[in-house]
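Reckoned from all heavy atoms, side chains included, excluding hydrogens, waters and symmetry mates.
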Amino acid sequence: MPRSFPLEKIRNIGIIAHIDAGKTTVTERILYYTGRTYKIGEVDNGTAVMDWMEQERQRGITITAAATTCYWQEHRINIIDTPGHVDFTAEVERSLRVLDGGVVVFDGVAGVEAQSETVWRQADRYRVPRICFINKMDRVGANFKRTISMIEKRLKARPLPIQLPLGSGESFEGVIDLIENKAWRFDGNPDSEPEEISIPDSERKRCGEYRHALIEKLAEHDDHILEAYLEGHEVSPEAMRQALRKVALANKGVPVLCGSALRNKGVQLLLDDIVGYLPSPLDVPPVSTIDTHSGEAVTRLASDEEPFSALAFKVVTDPFVGRLVYLRVYSGIMKTGSPVLNSTTGKRERIGRLLLMHANRREEVDEADTGTIVATLGLKSTFTGDTLCDVDRPVLLESIRFPEPVVSISIEPKTRADQDKLTGALRKLTEEDPTFKVTYNEETGQTIISGMGELHLEVIISRMISEFGVSAKVGKPRVAYKETITIPVQSEGRFVRQTGGHGQYGHVWLEIEPRERGSGFQFHDATKGGVIPRQYISAAEAGVKEAMETGVLAGYPVVDIKTTIYDGSYHEVDSSELAFKMAGSLALSKGVKKAKPILLEPIMKLEVVAPEQFLGDIIGDLNAKRGHIEHIEAQGDMYVIRCLIPLAETFGYATRLRSLTQGRATHSLEFYKYRELPAELTEEITEQAAGREYG
């Protein structure tokens, strides 16, 4: 059966950027120009198609990554519009994991901002080819050259400007195309075609310099252009485009465009370059998988003829159709009603209805072929990061890594009727969002929810009220501290219970050592001569992991340790997995107490943009909050302060900054790493924890 669309003409792309750079506005214009919508949606008016959630329209920001499909120049473009706010970084992470290319949007005035760096690093990690779109060139203070310089310095990237702005600020009227050596004027009317004009005489020198620099950079990667360049021949636009595509796909350079999405300037040319320079599924390396039978690495080519494999990258509870699982099909074909294997869990599933999504609207299809991004109904046991594959040819795709939550609050239902609703809502929300965690504190009897920041938890609670009808009382935000150890120790765990009949006997010796920050937990079996049977080793490991969930100082999880089981003993009759699990748990708890435990606190990267007159007040305030100022730089008539600050000191900072600067400063926060908490604060938090436990 022929494909629904040629694979080489598919583009799976994400629109990524810092909050407020104009991602959703760019996407709305793309949908309008490709004929997907017949009326332009506006973020400020709450009419943006891609910001369909009630919470998104109230706040004017993107919270959840929305998927859509459109067509341009006989190409199918599958787009995911991602959030810019750091609290929703998981949405960017999972989107980049399944996309082939990205459009990175920058604010022409602010340039490279804090979250721009984060999304760029995420794209680097997944080796996603990108093009850059410098937006808002119509605003006063927009500076194309400075933004190019910031891309080079702050992102360590190789920008290749292929357009120059024609005018700036209010006089911005179009762009100069350096490849074709001509200019385009836009009148701002979304229904008008771009007007081709000759390059103004005042711009010819600048244009010649930029074009010459572009050819020089392309010559480093293309022999034909190098030859023409050395012999002094004119380089054709077609040769430049081919070389530029090759450089972009190899991640050796990033084409840079400019425009103003809000004023409908430059978006059609951006669409041309999405098709021209971003990869099809055939242009990216074949996906690497693990054969679950042999444990060996195997590749799956992007072809309908290959066995089926797909990655679940998002789970959504839709109020109208139920539980939707978003999939990226890497190889083969998936049909409605066909059986598949979830190789992550080992469970078989059956594909229900298949839906092409347009934000929260749906278009039903019978099958999804290679390269498709599709949502499906009917998968009960599939979660974010799971692999679905052919039942007879099982493989495992690389899953998705998510950051750990850093802020917690307590939540309790107002009435008994709300209890069941709350349990159901929390289960569905944790399925949807891998950075949202729910735990139950045995000592206090409280349910604790944890997320990436205050806004993240605020949106979760808002959704519980509006979507799930839960009434709940919410505590104040608390920092998600961690515990770790500073010296290696040896520790014995012995669990012996004698009752009538069989008793319980488990006995282990552990060596517990500190590891580097952020390196996680490692368990090593160093027993010799069968001193402990194999099945009891894994039980002891389970006990160690369970004890790590509640540390010894203040009940926070223990992290970054290596535990080696090296000795112990067992009883032929009385030993059991339960006894060894208890022994492992006891040994870990006793060992951590002896190993000079410390508390770790989350440190945030804070970036403040403010007028010069407020610099002294802001810096004084940050110093009082245990902030460590790393860098201050002028950006036009504003100053950018970059600082590392403990998360505990940032609660309510937006209000504080507003009052310090008469509302004229902006800030962004992003998680950096965990660091040791000062001794006097450790004592204070330990006492508070003791008060919660016994008070």
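- With respect to the salt-bridge test (charged N to carboxylate O, under 4.0 angstrom), the residues Glu117 and Lys156 do not qualify.
- Annotation for Lys593: atom NZ does not count as buried by contact number, only 12 or fewer foreign heavy atoms lying within 6.0 Å.
- Using a cut-off of 4.0 Å between Lys/Arg side-chain N and Asp/Glu carboxylate O, Glu431 and Arg427 are scored as salt-bridged.
- Side-chain N or O atoms of Gln490 include none that pairs as donor or acceptor with a backbone N or O of Ile512 at under 3.5 Å.
- Under the 30°/60° scheme for interplanar angles, the aromatic rings of Tyr536 and Phe580 are found to lie parallel.
- The environment of Arg127 atom CZ is sparse: at most 12 non-hydrogen atoms of other residues, nucleotides or ligands sit within 6.0 angstrom.
- Geometrically, Arg328 engages Tyr330 in a cation-pi contact, judged by NZ or CZ lying under 6.0 Å from the ring centre and within 45° of the ring axis.
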CA sep, side-chain torsions, deciding dist, call: Glu546, Lys581, salt bridge (Lys or Arg N to Asp or Glu O under 4.0 Å): CA-CA 9 Å; Glu546 194 174 281; Lys581 185 179 176 184; 3.0 Å; yes
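- Cation-pi geometry between Arg323 and Phe383 is met: under 6.0 angstrom from the ring centre, within 45 degrees of the axis.
- For the atom pair Asp525 CG and Phe523 CZ, the distance stands at 6.5 Å (nearest 0.5 Å).
- Salt-bridge annotation for Lys545 and Glu541: present, with a side-chain N of the basic residue lying under 4.0 Å from a carboxylate O of the acidic one.
- The closest side-chain donor-acceptor pair between Ser331 and Ser309 falls under 3.5 angstrom.
- For the residue pair Glu349 / Thr382, a side-chain donor-acceptor distance below 3.5 Å is found, with atom types taken as modelled.
- Aromatic ring centres of Tyr570 and His507 lie farther apart than the 6.0 Å criterion allows.
- Glu633 CD: more than 12 foreign heavy atoms inside a 6.0 Å radius.
- Salt-bridge formation is not detected for the pair Glu630/Arg642: no Lys NZ or Arg NE/NH1/NH2 atom is positioned less than 4.0 Å from an Asp or Glu carboxylate oxygen.
- Side-chain N/O atoms of Thr484 and Tyr674 include no donor and acceptor closer than 3.5 Å.
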I would like to know whether Glu607 and Lys605 meet salt bridge (Lys or Arg N to Asp or Glu O under 4.0 Å); could you show each step before the answer? CA-CA 7 Å; Glu607 190 170 282; Lys605 271 194 216 172; over 6 Å; no
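- Counted within 6.0 Å of CZ on Arg348, heavy atoms from surrounding residues, nucleotides or ligands total 12 or fewer; the atom is thus considered open.
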Verdict with supporting geometry, Asp124 and Arg130, salt bridge (Lys or Arg N to Asp or Glu O under 4.0 Å): CA-CA 10 Å; Asp124 277 345; Arg130 280 145 272 178; 2.9 Å; yes
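- There is a side-chain donor-acceptor pair under 3.5 Å between Ser576 and Gln504.
- In plain terms, the two heavy atoms of Pro514 and Ile485 that are nearest each other are CB-O, 3.3 Å.
- Tested against Ser343, the residues Leu388, Thr387, Val391 include a single side chain to side chain contact (heavy atoms under 4.5 Å, CB included) partner, Thr387.
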